[in-house]
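Presented below is the structure to which this report refers.
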Amino acid sequence: MLSSSSSMSFQDTVRALEWCEQGLRVLDQRRLPSAVEYQTFGSVRGVAEAISSMRVRGAPAIGIAAAYGVVLAARQRYRENPDTWKETIEADLAELAGSRPTAVNLFWALDRMRSEIRAIDGNPEPRLLQTARIIHDEDIAANRKMGELGASVLVGANGVLTHCNTGSLATGGYGTALGVVRSAYRQGVTRIFATETRPWLQGARLTVWELEQDGIPATLVADSAAAYLMKTGAIQWIAVGADRIAANGDTANKIGTYALAVAARHHGVKFMVVAPTSTIDWRTETGASIKIEEREQRELLNDYFLRPDSVITAWNPVFDVTPAELIDCIVTERGVVWNPDRQAMMALADAR
Ligand SMILES: CSC[C@H]1O[C@H](OP(=O)(O)O)[C@H](O)[C@@H]1O
């Protein structure tokens, strides 16, 4: 149990990712909460597999992991041939880009590392490692800022529901929507609810585990109980993360987010998206263009139906898109956008 005092700083929250000389140390989130197991990946292929297998997951954490993966790729490619590493590393960048399709932070991080690559002469590792560390540290700073901004929006509320896992396990540390919950808890928002978030159970396994580590009481609810919870009046806000926000504010997030937003609007519950500006995809005009990842049927189907002769299949999209008109505010490290639309979102673009 980490410190449960109200003075807990983000350094006390769990770290999903840590760089070490051998490579990237990853907390295997498939094993939580029953086992806290770290694995160290010393190759870009290992990091790409850690992302695709969801050992590491969560939009910002995926971007940070990819940045460290580029460091490992450069270490290897430069050793192979100092004269051609800038060309040969492109295959590694492509492998990282192919690990998961929806979280734009992955591609944002790769673009940022690629621009560094272009500027490097000589051994690339020191400068690329410095850039990856900056991306990691900037994410934590952004989460702390969003925690403050989002908590200020929740002043007066006593109940908030969050979906999926958007905490330290999904980011560089502290979290996005769960960071807001952490900050809001310290200012008196004490009724915290988390959805289980089927089928991967990010809420039932990860979010409640993080909150227990912090000593923050919370109540787990089935995804199917969320609308009924809203009807009881127990919550005034829903706070979720994002994997990709289109230029008009449409937001791709964990499957089930859209249903929560529809029910929230019906019940007069406010809806908050919390994400760093690295999650905004200015090149995508609306949510209709966001690629939604579909994962294996086995993540949904009981083993019984995995037989070759079974006539039962599963449809397993792991994200959906919430239209901007169902979102009351988007909290970023550069400020809060109320009633997001294309024009309102430009306030964030100007701050770039
Ligand atoms: C801090 S945002 C994390 C974001 O990523 C999650 O998806 P996954 O667990 O599949 O990586 C979910 O959409 C969260 O909102």
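Read the numbers this way: they start at 1 and go in the same order the structure lists the ligands and their atoms.
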Next on the checklist: With nothing but distance in play, are any N or O atoms of Thr176 less than 3.5 Å from an N or O of ligand 1?
Outcome noted: no
Item to check | Any Phe319 heavy atom less than 4.0 Å to ligand 1 | outcome: yes
Checklist entry - Crowded around Arg283 CZ? As in, over 12 foreign heavy atoms under 6.0 Å? => result no
Next on the checklist: Tell me the protein heavy atom at minimum distance from atom 15 (O) of ligand 1, and give that distance in Å.
Outcome noted: Asn253 OD1, 2.5 Å
Next on the checklist: Any nitrogen or oxygen of Thr166, side chain or backbone, less than 3.5 Å from one on ligand 1?
Outcome noted: no
Next on the checklist: If you count heavy atoms of other groups shown closer than 6.0 angstrom to CD of Gln343, is the number above 12?
Outcome noted: no
Checklist entry - Within a reach of under 6.0 Å around CZ of Arg30, are more than 12 heavy atoms found that belong to other residues, nucleotides or ligands? => result yes
Item to check | Aromatic Tyr304 / basic Arg307 pairing, under 6.0 angstrom, 45° off normal | outcome: yes
Checklist entry - Using 30° and 60° as the class limits, which term best fits the ring planes of Tyr68 and Trp19: parallel, tilted or perpendicular? => result parallel
Next on the checklist: Please list the nearest protein heavy atom to atom 5 (O) of ligand 1 with its residue and the distance rounded to 0.1 Å.
Outcome noted: Asp243 OD2, 3.1 Å
Next on the checklist: Can you tell whether the side chains of Lys145 and Glu333 come within less than 4.0 Å, N to carboxylate O?
Outcome noted: no
Item to check | Shortest protein heavy-atom distance from atom 12 (C) of ligand 1, along with the residue and atom involved | outcome: Cys164 SG, 3.3 Å
Item to check | ligand 1 contact by Val240, heavy-atom criterion under 4.0 angstrom | outcome: no
Checklist entry - What's the shortest distance from atom 2 (S) of ligand 1 to any protein heavy atom, and which residue and atom give it? => result Ala242 O, 3.7 Å
